[in-house]
Amino acid sequence: MKRFLSLLVVAVLAGVFTLGLYKLFLEPETVVTENEVKSNSIPVNYTVTNTNSSIPNASIDFTLAAEKTVNAVVHVKQYGITRAPRNLMEFFRNGGAQERRIQGAGSGVIITEDGYIVTNNHVIDGASDLEITLNNNKSYKAKVVGTAPQSDIALIKIDADEKLSYIPFGDSNSAKIGEWVLAVGNPFNLTSTVTAGIISAKSRDLDESDNKSQSFIQTDAAINPGNSGGALVNTRGELIGINTAITSQTGSYVGYAFAVPSNNAKKIIDDIIEFGGVQRGILGITGGTINPKAMEEYDISTSQGVFVASVAEESGAKKAGLLEGDVIKEIDGLPIRKFADLTGYVNSKRPKDIINVRVLRKNKELVLPVTLSKYEIQRYNIDDVGVEVANPPKDYLKNFKLDHGVVISKALSSRMKRYNLEGLVISEIDGKKVKNVLEVKQIIENKYKDEDITISLVDRDGKKREFVFQ
């Protein structure tokens with residue numbers, strides 16, 4: 001009996017010891033609910049709480065957007081003509097003949113099933129030939145439909161033997177900071193590359209001192225050389241930007257990338273297709289982002305907005321009643337915090353469009369409907385010729401018995417200054433009649449680099465002469 005009790009005690013002690021070891025080392029931790037203690041961990045699956053998705057609290061899935069867009073982004077190769085060999089080896093191999101060679105490459109976005117493609121102007125600028133390669137490796141020749149160098153947008157076209165995948169335009173104004181986006185392009189000649197990031201900022205002007213009306217979407221999606229002209233899309237696969245530039249000391253991605261907003265790109269493309277060129281609407285003001293100097297000079301009490309420094313005569317702003325010292329706070333419900341907000345929105349509109357401008361005038365708010373005026377370029381430098389041209393004064397062309405032409409307002413080069421050209425009329429460029437400076441600009445900027453320019457010049461005696469500039 002004593003032996004049995006001894007064995008029982010040993011067994012109980014062994015069981016207790018074993019259970020203690022299990023509790024101490026082997027039993028999994030108890031799951032604590034959120035009501036018991038607040039967790040510091042970050043969930044693996046991020047839940048969307050503020051997007052334009054029609055499905056609330058939907059988990060982010062980039063695969064759908066990638067599938068919708070990857071086949072609609074193309075590889076753009078630019079070819080040019082070299083007029084001379086670069087070294088002795090090339091001379092003996094090619095005999096010094098002209099040679100077609102690739103000059104650069106980038107990306108493009110198919111926007112219609114019949115082959116219209118939007119890209120950056122710098123991707124195709126100066127090309128004698130353009131070759132487009134689709135994601136299925138089919139290649140086509142492309143032609144330039146129109147360009148907008150100031151906005152770095154170009155429209156090209158291919159004639160494919162099938163209906164093409166394309167990306168529909170989204171509303172870049174409704175895109176939000178922090179929203180997920182994908183960049184789709186061909187960096188380093190790699191096809192169909194997709195990277196993800198968020199919208200870091202909007203209405204970004206890279207250089208406010210260069211007098212260019214920039215208003216980029218900034219993103220941290222990785223963009224590298226070759227991505228230019230590619231697509232920036234939201235998680236629904238809608239085009240909200242054309243990837244254009246990076247800011248980097250090395251030339252490669254370091255976290256800052258910029259895209260032309262889709263609303264601006266679409267407006268430019270529509271203008272090119274409908275009018276053959278960009279129809280630019282303007283408010284008719286000068287001014288800038290509010291700063292301490294402006295706050296003091298115009299007695300402004302708010303720290304955000306655009307102050308009006310002057311209003312042009314006969315402009316839509318003048319007719320609507322805008323005054324010097326007004327502060328523009330909002331346009332069509334869109335907050336205006338800086339000048340890039342204003343230019344970005346106005347550049348998506350056309351002449352004669354009406355916009356509602358909310359201004360602050362001496363602590364009183366007013367809403368003024370403004371009809372946008374048409375931007376008319378008055379002067380233009382033909383650098384390859386060495387002259388500046390201007391729109392002629394009223395009845396000026398009658399002295400030359402002409403109904404079209406532009407006036408040489410200034411000689412730019414020392415060679416041209418010797419010929420006393422000021423006041424003479426250029427009636428045609430490359431055999432095309434020109435009626436104003438804008439038409440001159442469009443002809444010149446649609447030419448390939450190193451292409452000859454033929455100028456028809458009418459002198460003071462009414463004699464027409466042609467000159468070829470190489």
Side-chain angles (χ1 to χ4, degrees), residues 45-74 107-113 116-120 135 151-153 164-187 192-204 215-224 227-246 253 255-270 332-335 340-341 344-345 347-348:
N45 292 324
Y46 174 71
T47 301
V48 182
T49 59
N50 186 19
T51 71
N52 295 324
S53 174
S54 59
I55 305 175
N57 298 325
S59 296
I60 287 182
D61 184 359
F62 295 124
T63 60
L64 180 61
E67 289 173 1
K68 285 183 175 181
T69 58
V70 71
N71 292 315
V73 176
V74 302
S107 304
V109 183
I110 303 174
I111 56 171
T112 64
E113 64 181 12
Y116 279 100
I117 298 170
V118 61
T119 184
N120 285 142
N135 195 37
S151 303
D152 202 10
I153 291 294
L164 301 174
S165 299
Y166 67 94
I167 303 179
F169 280 96
D171 181 7
S172 55
N173 284 341
S174 65
K176 292 179 171 57
I177 295 174
E179 180 179 342
W180 284 102
V181 289
L182 295 181
V184 189
N186 300 273
S192 308
T193 297
V194 180
T195 56
I198 63 168
I199 295 176
S200 306
K202 296 177 66 177
S203 302
R204 197 63 103 189
S215 185
F216 291 117
I217 295 173
Q218 180 181 329
T219 175
D220 68 351
I223 294 175
N224 284 290
N227 271 112
S228 291
L232 187 70
V233 300
N234 58 26
T235 54
R236 296 187 301 280
E238 297 170 337
L239 185 66
I240 62 168
I242 301 297
N243 297 321
T244 298
I246 59 176
Y253 171 78
Y256 300 97
F258 302 92
V260 176
S262 61
N263 288 12
N264 297 69
K266 184 177 186 302
K267 186 262 179 185
I268 291 169
I269 292 162
D270 290 343
D332 288 343
L334 180 73
D341 290 329
Y345 186 79
N347 285 345
S348 68

Report task. Taking atom CZ of F258 as the centre, report whether more than 12 heavy atoms of other residues, nucleotides or ligands fall under 6.0 Å from it. Result ->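 Buried by this count: over 12 neighbours within 6.0 Å.
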At what distance, to the nearest 0.5 angstrom, does [atom1] of [X] lie from [atom2] of [Y]?
X: I167; Y: S262; atom1: CD1; atom2: OG; value: 11.0 Å
X: K267; Y: S151; atom1: NZ; atom2: OG; value: 8.0 Å
X: N173; Y: I240; atom1: CG; atom2: CD1; value: 11.0 Å
X: I268; Y: N347; atom1: CD1; atom2: CG; value: 7.5 Å
X: I177; Y: I199; atom1: CD1; atom2: CD1; value: 8.0 Å
X: I269; Y: F169; atom1: CD1; atom2: CZ; value: 4.0 Å

Does the [X] side chain pair with the main chain of [Y], one donor and one acceptor, at a distance under 3.5 Å?
X: N186; Y: V74; value: yes
X: T195; Y: A222; value: yes
X: T219; Y: A221; value: yes
X: N243; Y: A259; value: no
X: N227; Y: N224; value: yes
X: K202; Y: S172; value: yes
X: N264; Y: G344; value: yes

Query raised in the report: With a 4.5 Å heavy-atom cut-off, do T119 and I242 have their side chains touching?
Result: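 When only atoms from C-beta onward are counted, I242 and T119 do not touch, as no gap falls below 4.5 Å.
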Query raised in the report: Do Y166 and Y116 come close enough that some side-chain heavy atom pair is under 4.5 Å?
Result: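 Of all side-chain heavy-atom pairs linking Y116 with Y166, none is under 4.5 Å.
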Query raised in the report: Mind checking what makes salt bridge (charged side-chain N to carboxylate O under 4.0 Å, His left out) contact with D332, not counting sequence neighbours?
Result: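 Salt bridge (charged side-chain N to carboxylate O under 4.0 Å, His left out) list for D332, sorted by chain: empty.
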**Report entry** Partners meeting salt bridge (charged side-chain N to carboxylate O under 4.0 Å, His left out) with K68 (sequence neighbours left out)
**Finding:**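 If we apply the salt bridge (charged side-chain N to carboxylate O under 4.0 Å, His left out) test to K68, skipping adjacent residues, there are no hits.
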Report task. Output all residues satisfying side-chain contact (heavy atoms from CB on, under 4.5 Å) with S228, sequence neighbours left out; order by chain, then residue number. Result ->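 In terms of side-chain contact (heavy atoms from CB on, under 4.5 Å), with neighbours along the sequence ignored, S228 is linked to N120, H122, V123.
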Query - Residue among I117, I110, V184 satisfying side-chain contact (heavy atoms from CB on, under 4.5 Å) with V73 - result: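 Only one of I117, I110, V184 forms a side-chain contact (heavy atoms from CB on, under 4.5 Å) with V73, namely V184.
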Query raised in the report: What heavy-atom pair brings A183 and I223 nearest, and what distance separates the two atoms?
Result: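 Taking A183 first and I223 second, the nearest heavy atoms are CB-CG1, 4.0 Å.
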Requested in this report: List the atom of A65, the atom of N234, and the distance in Å for their closest heavy-atom pair.
Outcome: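 Closest approach of A65 to N234: CB-O, 3.7 Å.
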Query - D341 side chain to S203 side chain, donor-acceptor N/O pair below 3.5 angstrom - result: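 Looking only at side-chain atoms, S203 and D341 do form a donor-acceptor pair, the distance falling under 3.5 Å.
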**Report entry** Criterion side chain to side chain contact (heavy atoms under 4.5 Å, CB included) on Y256 and D220, from CA distance to verdict
**Finding:** CA-CA 6 Å; Y256 300 97; D220 68 351; over 6 Å; no
